[in-house]
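Every chain is numbered from 1 and lettered A, B, ... according to where its sequence line falls, protein lines coming before strand lines. Being a predicted model, the structure only gives us computed values, none of them experimental.
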Amino acid sequence: DAMVIQNPRYQVTQFGKPVTLSCSQTLNHNVMYWYQQKSSQAPKLLFHYYDKDFNNEADTPDNFQSRRPNTSFCFLDIRSPGLGDAAMYLCATSRDLREGQDNEQFFGPGTRLTVL
Amino acid sequence: RKEVEQDPGPFNVPEGATVAFNCTYSNSASQSFFWYRQDCRKEPKLLMSVYSSGNEDGRFTAQLNRASQYISLLIRDSKLSDSATYLCDLMDSNYQLIWGAGTKLIIKP
């Protein structure tokens, strides 16, 4: 089945210790997104790739970086995690960014990050 | 005013009842609209797109009211398994994706 896969599902790191979260997709979608979601809050878009074109949200801290080496994979690097970065990190894909159904997003199961 | 607003709930509804909730948005030029369902500690899953003409899928009906700038979700004959948080998502005229914080629905037997 075509899907969005995230690894690991749970990640524990120490304050300030870099961590990398990974996402892969078999949907062959053009767009990949990284979201941060905290309890009872809306998913917060960190950045997205349209193909290789990287788009950073204005309020995404520099502490968060991303790489998309090919269509299938996308990585989220947190250079120096703080306690406030503990959250669920969701990867999503969509076929395109045009109006309509192409914007429907398909999410991976998420990585729950704990910062000690 | 937030760009997208949802009543956080929870809506406590008896099984079999009909329930409806709205999502209001501030940017009149917003385009694509969607409803997602999110179970506790899980990822959001697409429930349905919201077209200008409305959209119906079984017990679920979504409507778009551009004049009043809101979308709605109606659930008929609610099931215990409908208990979840329902998130709205829209794309504005600048292709920015904006999410609501969700409405929590609890269906009681």
Among the clusters formed by ILVMFWY side chains lying less than 4.5 Å apart, do [X] and [Y] turn up in the same one?
| X | Y | answer |
| --- | --- | --- |
| Leu64(B) | Leu90(B) | yes |
| Tyr50(A) | Trp34(A) | no |
| Ile71(B) | Leu74(B) | no |
| Phe21(B) | Ile98(B) | yes |
| Tyr33(A) | Phe47(A) | no |

Measure distances from [X] to the heavy atoms of chain B and classify the residue's part below 4.5 Å as side chain, backbone, both or neither.
| X | answer |
| --- | --- |
| Gln6(A) | neither |
| Tyr35(A) | side chain |
| Gln41(A) | backbone |

Item to check | Non-hydrogen atoms of Ala42(A) and Gly100(B) that approach each other most closely | outcome: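 Where Ala42(A) meets Gly100(B) most closely, the heavy atoms are CB-O, 3.2 Å.
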Next on the checklist: Other residues, nucleotides and ligands only: do more than 12 of their heavy atoms fall within 6.0 Å of CG on Asp62(A)?
Outcome noted: no
Checklist entry - For the atom pair CG (Asp89(B)) and CG (Leu45(A)), what is the distance rounded to the nearest 0.5 Å? => result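 Here the rounded value is 9.5 Å.
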Checklist entry - Please walk me through it: do Lys45(B) and Phe107(A) pass side chain to side chain contact (heavy atoms under 4.5 Å, CB included)? => result CA-CA 7 Å; Lys45(B) 291 186 177 176; Phe107(A) 285 82; over 6 Å; no
Item to check | chain A contact via Gln6(B) - side chain, backbone, both or neither, heavy atoms under 4.5 Å | outcome: neither
Next on the checklist: Taking side chain as everything from C-beta outward and backbone as N, CA, C, O, which of these in Phe33(B) sits under 4.5 Å from a heavy atom of chain A? Side chain, backbone, both or neither.
Outcome noted: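 Interface part for Phe33(B): neither.
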Checklist entry - Can you find a heavy atom in the side chain of Lys42(B) that is under 4.5 Å from one in the side chain of Pro109(A)? => result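 Side chain of Lys42(B) against side chain of Pro109(A), heavy atoms only: no contact under 4.5 Å found.
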Checklist entry - Would Glu43(B) and Gln37(A) count as having a side-chain donor-acceptor pair, cut-off 3.5 Å? => result no
Next on the checklist: Shorter than 4.5 Å, heavy atoms on both sides: which option in Leu87(B), Leu97(B), Val4(B) has the most such pairs with chain A?
Outcome noted: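 Of Leu87(B), Leu97(B), Val4(B), Leu97(B) has the most heavy-atom pairs under 4.5 Å with chain A.
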Checklist entry - Most heavy-atom pairs under 4.5 angstrom with chain A, which of Lys104(B), Gln96(B), Arg41(B)? => result Arg41(B)
Next on the checklist: Would Tyr36(B) and Gln105(A) count as a side chain to side chain contact (heavy atoms under 4.5 Å, CB included) here? Give the steps.
Outcome noted: CA-CA 9 Å; Tyr36(B) 287 80; Gln105(A) 294 178 66; 3.3 Å; yes
Next on the checklist: Quick check on the structure: residues of residues 64-96 of chain A within a heavy-atom distance below 4.5 Å of chain B, by number.
Outcome noted: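 If one takes a 4.5 Å heavy-atom cut-off, the residues of residues 64-96 of chain A near chain B are Met88(A), Leu90(A).
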